[in-house]
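Because the structure is a prediction, the values reported are computed rather than measured. When a residue number appears, it is its place in the shown sequence, counting from 1. Because only heavy atoms are used, hydrogens play no part in the values below, and waters and symmetry mates are left out as well, while side chains stay in.
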Amino acid sequence: MGQSHSQSQTHISVLPNEVVVSILQHLPPQEIKSAVLVCKSLREMGEKPRFWTWAVVTVNTKDDLQKLKRPRLQMVQEIDVTQGSHGGTHLNRRGGVSTWMKEEGLADLFQVICEIPTVRRIRGLEFCKGIQGIEPDLVVSVLNSLEELKLCYGFAEEDGEEDEEEDDEEDEEEDEEKEQEMEQEMQMKLSTEQLELLFTAVAEKTNLKFLQVSGQDMLKDMDKTDETDEVDEMDQMDEMDTISPELFAAAVSNVEEVILKEHFKEDITSKQFEALYSIIAVEDRPVRKLTCLSFYIDPMGDVDPELLSKAFNRLEEFTTVNCGSGEQWTAILRGLVEGDSRLKKLMVEDINLEVVQNLDQNLVRRAKKKFGQFYQDPCTVLENRRYLLDCIDIIDTSES
């Protein structure tokens, strides 16, 4: 007599919750999406926010803000606002613009994000207009909770410099380039109150791991000063900081990677740069990678060479452009090759070759042996920029 064989199946609902949770935790995103469609019990468990932290929520319109109120997205870490109505291929590759977010839209976005404390990245935020119209405490709460922040106002060019040589391009190509640059204009300019509150918060405690600062008003309005006072111009400038050098230094040095780009004269003052070097030299601050690019003042100014040497040798990477005296670079390089240095990468772009030629060449050779080529002369920098622009043109042509 034959035996009948039956294969019993165990429904997912009879499994202990901890087993189901363990299974869901190991599923890739696409499988999570499928799992919540299987049955009610899986949907209830799969909707838990911890299974959706990988999701990147795209916010194109004000209606999209409703996405961020869904229960499953209450632990989301990244929001994308780069796919605005002008989201072309060229624009998206460089960051994108969300044109719907004016003053009201951006305030609504910040309010919703403030209710999701896990948000760490907002793609394209630096291109959104209207941040100055938002309540300062709300701005600080959101920005200081991020891991990456581009606190930038102005064109999103690689280095902000203009080529002084005449171009042989057609007028039509020049107009197209200008139009593209206009589309890339960053809008993240804070009010004085917002800036001071943010720097105060960052100096105390922050989630920021990357910070870029450019185009912010670091000086008070010179027109509002008493014109009858006969004060030496440099002494007057020392007292014109809207952000005190000490606060600026404490905040900036509390972030692991920092880029300071001074596009305008009122961006960052000599005293603020000096205060930053001073705090790095004497304290073990979190900052490890520092880039200082200024096209109006020397970021190293007349800072004591030994102070600079101590500061730079506490960093892991330092990049700058066309600054520093022979005495300063002698102290810095000597600290690199003779002292106990943390520095792993050093690059000085567009350096004055006279400064290099007047240095102890044995010291220069020892520095090169340790770090490789640590400076670029103006001709090399120009060639690299032209090569990069040619590559961009080739990519644009192939994608069009």
Side-chain angles (χ1 to χ4, degrees), residues 158-159 209-213 245 248-262 268-295 297-385:
E158 182 65 23
D159 49 40
K209 299 185 183 302
F210 172 86
L211 173 65
Q212 181 175 336
V213 181
F248 175 85
V252 171
S253 65
N254 207 26
V255 181
E256 291 180 14
E257 182 175 358
V258 178
I259 298 177
L260 302 175
K261 288 189 175 183
E262 191 188 49
I268 304 168
T269 68
S270 298
K271 290 296 183 182
Q272 288 166 338
F273 275 119
E274 184 174 4
L276 176 60
Y277 303 141
S278 296
I279 197 171
I280 295 174
V282 300
E283 299 181 23
D284 190 13
R285 303 295 293 172
V287 63
R288 289 294 177 264
K289 300 178 182 180
L290 178 61
T291 298
C292 297
L293 306 176
S294 174
F295 309 108
I297 64 171
D298 184 342
M300 292 164 62
D302 57 357
V303 180
D304 178 69
E306 293 303 322
L307 175 64
L308 289 173
S309 179
K310 290 179 181 178
F312 293 173
N313 283 289
R314 281 180 172 268
L315 299 170
E316 292 180 0
E317 295 184 13
F318 180 73
T319 302
T320 190
V321 58
N322 190 23
C323 69
S325 66
E327 186 179 1
Q328 289 170 329
W329 282 114
T330 295
I332 293 168
L333 295 180
R334 184 171 289 119
L336 294 179
V337 299
E338 297 178 358
D340 184 16
S341 176
R342 296 177 180 172
L343 203 63
K344 299 175 182 178
K345 180 181 177 182
L346 173 66
M347 177 51 63
V348 189
E349 298 179 356
D350 208 9
I351 195 169
N352 185 341
L353 288 180
E354 268 189 38
V355 173
V356 178
Q357 292 167 355
N358 290 330
L359 295 175
D360 181 342
Q361 293 305 300
N362 181 50
L363 188 60
V364 173
R365 283 191 293 271
R366 293 171 66 189
K368 284 184 178 180
K369 184 176 180 180
K370 189 171 183 178
F371 297 102
Q373 186 71 22
F374 63 88
Y375 64 87
Q376 290 183 334
D377 61 81
C379 293
T380 303
V381 173
L382 185 58
E383 289 176 3
N384 290 341
R385 286 175 186 154

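- Looking at every heavy atom in both residues, Ala281 comes nearest to Leu307 through CB-CD1, 3.4 Å.
- In the displayed structure, Lys289 atom NZ is contacted under 6.0 Å by at most 12 heavy atoms of other residues, nucleotides or ligands.
- Under the 3.5 Å distance criterion, the side-chain polar atoms of Ser253 are left unmatched by any main-chain donor or acceptor of Ile280.
- Interatomic distance, CD of Glu316 versus NZ of Lys344, reported as 4.5 Å (0.5 Å rounding).
- Annotation: the span from Thr269 atom OG1 to Glu274 atom CD amounts to 9.5 Å, rounded to 0.5 Å.
- When atom types are taken as modelled, the side chain of Trp329 and the backbone of Pro305 share no donor-acceptor pair closer than 3.5 angstrom.
- Closest non-hydrogen pair, Ser325 versus Val355, comes out as C-CG1, 4.2 Å.
- When all heavy atoms are compared, the tightest approach of Asn254 to Pro286 is OD1-CG, 3.3 Å.
- Taking both residues in full, the closest heavy atoms of Cys292 and Tyr277 are given as SG-OH, 3.9 Å, listed atom of the first, atom of the second, then distance.
- A salt bridge is absent between Arg366 and Asp360: the closest approach of a Lys/Arg side-chain nitrogen to an acidic carboxylate oxygen does not fall below 4.0 angstrom.
- No donor-acceptor pair under 3.5 Å is formed between the side chain of Gln328 and the backbone N or O of Leu308.
- Distance check, rounded to the nearest 0.5 Å: CG of Asn313 to CD1 of Ile332 gives 8.5 Å.
- For the pair Arg342/Arg288, a side-chain contact is recorded, criterion being any heavy-atom separation below 4.5 Å from C-beta on.
- Residue Ser341 comes nearest to Leu336 through the heavy atom pair OG-CD2, 3.5 Å, listed as atom of the first residue, atom of the second, then distance.
- Atom CG of Asp302 is surrounded by 12 or fewer heavy atoms from other residues, nucleotides or ligands within 6.0 Å.
- Proximity of Ile268 to Phe273: side-chain heavy atoms (C-beta onward) are separated by under 4.5 Å at one or more points.
- Rounded to the nearest 0.5 Å, atoms CD (Gln376) and CE (Met347) are 5.0 Å apart.
- For the pair Thr330 and Leu363, the tightest heavy-atom approach, listed with the atom from each and the gap, is O-CD2, 3.7 Å.
- Remark: of the listed residues Phe318, Phe371, Phe374, Phe318 is the sole one forming a ring-ring contact (aromatic ring centres under 6.0 Å, His included) with Phe312.
- Residues Leu346 and Leu333 form a side-chain contact, since some pair of their non-hydrogen atoms from C-beta on lies under 4.5 Å apart.
- To the nearest 0.5 Å, the span separating NZ on Lys271 from OG on Ser278 amounts to 9.5 Å.
- Summarising the local packing, CD of Gln361 is surrounded by more than 12 heavy atoms from other residues, nucleotides or ligands at distances under 6.0 Å.
- Here the OG1 atom belonging to Thr320 is positioned 8.5 Å from the CG atom belonging to Leu290, to the nearest 0.5 angstrom.
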(message) Run Gln373 and Tyr375 through side-chain contact (heavy atoms from CB on, under 4.5 Å) and show every step you take.
(response) CA-CA 6 Å; Gln373 186 71 22; Tyr375 64 87; 3.4 Å; yes
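- Side-chain contact between Leu260 and Leu276 is present, with heavy atoms from C-beta onward closer than 4.5 Å.
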